[in-house]
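Atoms considered below: every heavy atom in the structure, side chains included; atoms not considered: hydrogens, waters and symmetry mates.
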Amino acid sequence: MGRINVLSFAVANLIAAGEVVDRPASVIKELLENAIDAGATRVTVEIQHGGVSFMRVADNGSGMSAEDLPVAIRRHATSKIKDAADLDGIETLGFRGEALAAIASVSDLRIITRTADAPYGSKLEAKGGEIIGITEQGCPVGTTVIVENLFGNVPARRKFLKKDVSEAIAVTTYVEKIALSRPDIAIRLIIDGNMKLDTAGDGNLRSAMYAVFGRDFVQRMLPVRGEGEGITVEGFIGRSDNVRPKRNYENFFINGRYVNCRTAAAALEQAYTSYIPPEKFPCCVLNIKINPAAVDVNVHPAKLEVKFSNERPVFEAVYSAVRTALEANETRPDLQLKPTPGAANAFAPIEEGKRESLAARQITIDHTPARPQEAFTRMSAAAYANQYGGASKGGLAAPSAYRGVTESGETAHTTPIPRPGLATSAETSTPVPVSVPAPQKEPEPSCISATEQAPAPVPAAAPVWRIIGEAFHAYVIVECDDKLLLIDKHAAHERVLFEELRARMRERTDATQILMLPMQISLSVEDVGLLEAYRAEVEAIGFAFTAKSHAVSVSEIPEGLEPAAAAELLTSLPVTLAEESGSAALSRDILFEKALYQGACKAAIKAGREYPPEHIEWLCKKLMALPDITVCPHGRPVAMELSHAAIDRQFKRT
């Protein structure tokens, strides 16, 4: 007797169902996609006990006729495609015709539906894939699918489900992805009778993000839009102060379909090089629009992965759009002050008209210790360091003091306060070489001597600012318009140097440097073949090489690149070229940037050390002229803002 068995239709259906439905979230995903494909503008999702006992998805889409109901739960029955040619340009979320059949085979199913031209609706009831009956039912236009007792006829699979709360989280996660992909659809999620999500459906992605992530998250997002080679990228990305330890806040949608897109993720993370710490990951909600014929969505059972006919333009479109948005960002993070309930109102309210203009109160710098004020808000050196993500190397060093102008117009001088056991700066400080251009000799509009009779005119576009002091020899305090800036002098100088070096790099031509002795780099036969196949592109960025069987002999490398870095770049190029995830020139530029910010970090002035006042003034002047400098190349904040109103609230003035 033969050992090969032909499985029954029921058993085959259960096996096929396992590929599509493995938990309640899978059911919700398939039903939501059907609702969207039906043209729904409002969808309500409800689950109980993690979705195991009860799930309901109701929409106001086109609905189905009574004749279509029994066909809808058959395998490979769909209204989305008709023949093989339709697979070359799929524009709907569903197309395989397996979802309802798979769901019906492992649950108790009810479908209530009505089309716009029908006087009444229809209801189908099925259990374990078998239709119990089809009856007439009064209902609104659209479709409601109710799924109960999931895996009731497959106990072996049911025991692998997680706790109800875990299954509910998985459902919530997917519903949120759908809400972000289609902000034009009002989506409501109810879990065990509690409303968990309710989007407006107004077509505004920011509104959908607000409902999913909350106000604070949305405020720290930047709009993105870019286009190249027929690919459009639009949405939002997180600022440098909105990062996560994992990739779970990276949301990519290809033509409105949520996918795990490795090409887009790689481009996003490369674009954030020199904007966030290397151990952190950015946040994003990006919709990538591409010709459906150029992307295959039929490569994953759950349709969570796609394959591009050419990954390079996708990579470069995402990279360019994200990088452009980051470079244009001028938003600095706010300095957060903890509320002090019950604190006494130390001062009387400031009367209108008493505040002097900033230009009339600008100052010169004097490096004598400052006299403490009678009433102030205390912040320790550790608190400053925590705000900036680093430690103050100088500890509680005495801050520099300044000579200012009193309300009567007289010059106010400070007197050093002796501190037992604390040496003065003249006794302890030593000159430190700093890579800083010499300051201008003539007075600048933004820093005027107190002895001058009138300030120089300030251009309308330039902010009016003055240096107030320096705390812990690490943070420069600057008054600018109606706010205070706390500037991390090392991070600021590091970014200024990096931007200058990068500008020079972009202006240079593609020159090479000849090696005295050729450099031998061992590679696989496949990698050597790829370098040969892309020889013209590799040589265009400054390499000259001779290919061997398992190695290449390199005689020229790009100008400005160390041999070790050049070897690293040439070793990584075959992977980039094979995956078509960016050009050789882009890979070179990214590697150059990494080398530049490492050099800028070493050359920048150091926190905890005292520097001449003209250096600090030069640095502040540079920072004010470049408002888009918000983070250092390692991703730490360059400056934080504290508004006048926030200070008034802290002191109970408002």
Side-chain angles (χ1 to χ4, degrees), residues 33 36-37 85-93 95 177-178 180-184 203-206 208-209 221-238 247 249-273 275 281-300 303-329 534 537 540-541 573 575-590 593:
E33 290 181 352
I36 293 172
D37 289 340
D86 294 337
L87 292 173
D88 294 334
I90 296 173
E91 298 185 7
T92 56
L93 297 178
F95 56 88
K177 306 297 186 188
I178 288 291
L180 295 173
S181 69
R182 295 298 300 268
D184 58 323
N204 188 342
L205 178 56
R206 189 180 290 272
M209 290 169 53
M221 299 292 280
L222 304 173
V224 172
R225 180 169 178 81
E227 189 172 356
E229 298 189 41
I231 300 171
T232 302
V233 179
E234 57 184 344
F236 291 85
I237 59 171
R247 292 187 173 92
Y249 274 72
E250 295 181 5
N251 299 280
F252 299 102
F253 305 93
I254 306 295
N255 295 337
R257 181 193 305 275
Y258 172 72
V259 294
N260 297 323
C261 185
R262 288 177 291 180
T263 301
L268 174 79
E269 291 164 16
Q270 292 282 22
Y272 271 86
T273 300
Y275 282 90
F281 296 94
C283 305
C284 75
V285 180
L286 292 179
N287 192 2
I288 303 169
K289 297 179 181 178
I290 186 173
N291 186 343
V295 57
D296 185 2
V297 299
N298 193 27
V299 296
H300 189 274
K303 296 171 285 190
L304 289 176
E305 295 180 6
V306 296
K307 186 175 182 180
F308 301 104
S309 59
N310 187 358
E311 293 185 350
R312 181 193 57 78
V314 178
F315 182 98
E316 293 186 352
V318 174
Y319 179 90
S320 176
V322 172
R323 193 64 180 231
T324 300
L326 287 173
E327 291 178 349
N329 175 39
Y534 290 90
E537 189 173 11
I541 66 172
L573 273 179
V575 177
T576 300
L577 297 172
E579 295 179 350
E580 297 183 328
S581 58
S583 64
L586 182 58
S587 298
R588 182 221 28 210
D589 290 345
I590 292 172
E593 282 200 3

Considering non-hydrogen atoms only, spot the tightest contact between [X] and [Y] and give its length.
X: Ile290; Y: Ile254; answer: CG2-CG2, 3.9 Å
X: Ile178; Y: Ser181; answer: O-OG, 2.8 Å
X: Leu222; Y: Ala325; answer: CD1-O, 4.1 Å
X: Ala271; Y: Arg323; answer: O-NH1, 3.0 Å
X: Pro183; Y: Ala208; answer: CB-CB, 4.0 Å
X: Leu326; Y: Gly238; answer: CD2-O, 4.4 Å

Could you tell me which residues satisfy ring-ring contact (aromatic ring centres under 6.0 Å, His included) with Tyr249, sequence neighbours excluded, listed by chain and number?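 In terms of ring-ring contact (aromatic ring centres under 6.0 Å, His included), with neighbours along the sequence ignored, Tyr249 is linked to Phe213, Phe217.
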May I ask you to test the [X]-[Y] pair for a side-chain heavy-atom distance under 4.5 Å?
X: Leu268; Y: Tyr319; answer: no
X: Glu227; Y: Val233; answer: no
X: Glu250; Y: Pro282; answer: yes
X: Leu180; Y: Phe253; answer: yes
X: Thr273; Y: Tyr275; answer: no

Mind checking side chain to side chain donor-acceptor pair (under 3.5 Å) for [X] and listing every partner two or more places apart, or none if nothing turns up?
X: Asp184; result: Arg182
X: Asn204; result: none
X: Asn329; result: Thr331

Set of residues satisfying salt bridge (charged side-chain N to carboxylate O under 4.0 Å, His left out) with respect to Arg247, sequence neighbours excluded: Glu269
Non-neighbouring partners of Arg225 that pass salt bridge (charged side-chain N to carboxylate O under 4.0 Å, His left out), sequence neighbours left out: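 Partners of Arg225 by the salt bridge (charged side-chain N to carboxylate O under 4.0 Å, His left out) criterion, ordered by chain and then number, come out as Glu234.
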Among side-chain atoms of Asn255 and Lys289, is any donor-acceptor pair under 3.5 angstrom? no
Which residues share a side-chain contact (heavy atoms from CB on, under 4.5 Å) with Arg262, sequence neighbours left out: none
By side-chain contact (heavy atoms from CB on, under 4.5 Å) - contacts of Ala264 (at least two apart):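 If we apply the side-chain contact (heavy atoms from CB on, under 4.5 Å) test to Ala264, skipping adjacent residues, the hits are Phe252, Cys261, Ile288, Val318.
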Apply side chain to side chain contact (heavy atoms under 4.5 Å, CB included) to the pair Leu205 and Phe236, showing each step before the final yes or no. CA-CA 9 Å; Leu205 178 56; Phe236 291 85; 3.7 Å; yes
Distance, nearest 0.5 Å, that separates CG of Asn251 from CG of Asn260: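 Separation between the atoms: 10.0 Å.
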Any donor-acceptor N/O pair, Ser320 side chain to Glu316 backbone, under 3.5 Å: no
Option passing side-chain contact (heavy atoms from CB on, under 4.5 Å) with Thr263 (candidates Glu311, Arg312, Lys307):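 Answer after filtering Glu311, Arg312, Lys307: Glu311.
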